[in-house]
Amino acid sequence: MYTSEGADIRCYKRYCIPAPHKACVEVFTEGECCPDYHCSSTTCQYENRYYGVGESWQTVDNCQTCSCSEGDPIPEIKCDEPEVCRPAPNPACRPIVSVKECCPVAWDCTDAYLITVPKVFVRGGQSTVCVFLEDDLPISVNLTVAMTIGLDEIHATVLDTVSDSHVCVDFHVPDGGDASGYLSIMGTVGAVHVSKELRIHLLSVSKTFVQTDKYLYETGQSVQFRVLSVKGERAAISYEALDEVWITSPMETRLIQWLNVSNDRGLVQLEFPLAEHVQEVSLSGRVVQVV
């Protein structure tokens, strides 16, 4: 810096970052003003903080007390057994917590509720949404459950003054293939407003089984087989008519077919004769087909 009387020198002290803990060791490097700090051999590190030997602290959730103790070769962290909290008096009760306490200081069971929905919805079956309530009954429940699948939407309503421990509503899941959708629950449980939207998955659970009386047939024999269809989450027997049943040869030639086959007993039994002068064929899932 220059003045009217000539040059003037001014010096400023460089600021060095202080040690993370007073127990850390300063290490100076030639040509450097500020030191580095080696803390691992003299302190314990927990959640980006350093503690000296003999110091203690609470864990983040306030459920354990930990301390920094002398170790070989470096200090080590030792923690007490975590505090065990008492369970809620009711699964639907809400905890009242304190930032300085591990366990809830109290439970709020006023108009407490718990809503349960299936994890997977099965196409063509019945699904249930239930509301479980705390013991202080009766409680007014007014909920609308809406299932949205693409452009389709299905509604079910729970509107009741409940004097029991729970109330449920059933609704039909439409047929179709595997898909994803949304389940919206809107309304009130007592004085509590409910507004929740969940991503759901819908699965198609339907199978058709074909059983033949033999695996290998010779010329002139009759082929006898049964068809059984099941559907829904409990694999219930289907009594719906079969639109079409056919049998093909190994060369994919259709040998015979039946249309609009009655299935009022839940088990279809059919047969047909093989010609006298044909090569032996093997009937398997590829030969007998059902749609």
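Note: hydrogens, waters and symmetry copies are ignored here, and every other heavy atom, side chains too, is used.
Taking every heavy atom of both residues into account, N263 and L267 meet most closely at OD1-N, 3.2 Å. The two atoms that bring S98 and V105 nearest to each other are CB-CG1, 4.0 Å, heavy atoms only. Closest approach of I74 to S41, counting heavy atoms only: CG2-CA, 3.9 Å. The heavy-atom pair separating E218 from L274 by the smallest distance is O-CD1, 3.5 Å. Shortest non-hydrogen contact noted between T157 and V169 is O-CG2, 3.9 Å. Nearest heavy atom pair, residue L228 against residue G266, reads CD1-O, 3.2 Å.
The shortest side-chain heavy-atom distance between R199 and S180 falls under the 4.5 Å cut-off. For the pair V122 and V173, the minimum side-chain heavy-atom distance is 4.5 Å or more. Side-chain contact between F121 and H201 is absent, with no heavy atoms from C-beta onward closer than 4.5 Å.
Grouped with Y182 in a hydrophobic cluster is no other residue, since no side-chain heavy-atom contact under 4.5 Å to another Ile, Leu, Val, Met, Phe, Trp or Tyr is found. In the hydrophobic clustering, Y15 connects to no other residue, as no ILVMFWY side-chain heavy atoms lie under 4.5 Å from its own. M186 belongs to no hydrophobic cluster, as no Ile, Leu, Val, Met, Phe, Trp or Tyr side chain comes under 4.5 Å of its own.
Cysteines C24 and C39 are disulfide-linked, with SG atoms closer than 2.5 angstrom. C102-C85 SG separation is not under 2.5 Å; the pair is not scored as a disulfide. Between C44 and C68, the two SG sulfurs come within 2.5 Å of each other, short of that mark.
Note on E244 versus R254: salt bridge recorded, some NZ/NE/NH1/NH2 to OD/OE distance being below 4.0 Å.
A side-chain N or O of Q58 and one of T65 form a donor-acceptor pair less than 3.5 Å apart.
The distance from the CG atom of L259 to the CG atom of D243 is 9.0 Å, given to the nearest 0.5 Å. Atom NE2 of H21 is separated from atom CD of E55 by 3.5 Å, given to the nearest 0.5 angstrom. Taking OG1 of T188 as the reference point, atom CG of N142 lies at 4.5 Å (rounded to 0.5 Å).
Annotation: ring pair (Phe, Tyr, Trp, His ring centres under 6.0 Å) contacts involving residues 41-86, sequence neighbours excluded, comprise Y46-W57, Y51-W57.
When atom types are taken as modelled, the side chain of Q269 and the backbone of R226 share no donor-acceptor pair closer than 3.5 angstrom. Here the side chain of H166 pairs no donor or acceptor atom with the backbone of C130 at under 3.5 angstrom. A donor-acceptor contact shorter than 3.5 Å is absent between the side chain of S238 and the backbone of S229.
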task = Before giving the answer on side-chain contact (heavy atoms from CB on, under 4.5 Å), spell out for E153 and T148 the whole-Å C-alpha distance, their side-chain angles and the decisive distance to 0.1 Å.
result = CA-CA 4 Å; E153 192 169 283; T148 305; 3.2 Å; yes
request  = Would you check, one step at a time, whether the test side-chain contact (heavy atoms from CB on, under 4.5 Å) holds for V129 with F171?
outcome  = CA-CA 9 Å; V129 173; F171 56 93; 3.7 Å; yes
message = Applying disulfide bond (SG atoms under 2.5 Å apart) to C33 and C16, what does each step give before you reach the verdict?
response = CA-CA 8 Å; C33 170; C16 296; 4.2 Å; no
Worked verdict on L202 versus M147 for side-chain contact (heavy atoms from CB on, under 4.5 Å) = CA-CA 11 Å; L202 298 95; M147 176 186 290; 4.0 Å; yes
task = Show your working on side-chain contact (heavy atoms from CB on, under 4.5 Å) between K196 and V117 and close with a plain yes or no.
result = CA-CA 12 Å; K196 188 71 175 179; V117 299; over 6 Å; no
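Linking Ile, Leu, Val, Met, Phe, Trp and Tyr residues whenever their side-chain heavy atoms come within less than 4.5 Å places V60 and I77 in a single cluster. Hydrophobic clustering (side-chain heavy atoms under 4.5 Å, transitive across Ile, Leu, Val, Met, Phe, Trp, Tyr) groups V261 together with V223. Clustering ILVMFWY residues whenever any of their side-chain heavy atoms sit less than 4.5 angstrom apart, transitively, puts V210 in the very cluster that holds F272.
By the salt bridge (charged side-chain N to carboxylate O under 4.0 Å, His left out) test, K78 is found to be paired with E76, residues two or more places apart in sequence or in another chain being considered. Residues that satisfy the ring pair (Phe, Tyr, Trp, His ring centres under 6.0 Å) test with H172, not counting sequence neighbours, are absent from this structure.
Other residues, nucleotides and ligands contribute only 12 or fewer heavy atoms inside 6.0 Å of the CD1 atom of I17. Within a 6.0 Å radius of CZ in R86, other residues, nucleotides and ligands contribute 12 heavy atoms or fewer.
Among W246, F209, W258, the one residue that satisfies the ring pair (Phe, Tyr, Trp, His ring centres under 6.0 Å) test with F225 is W258.
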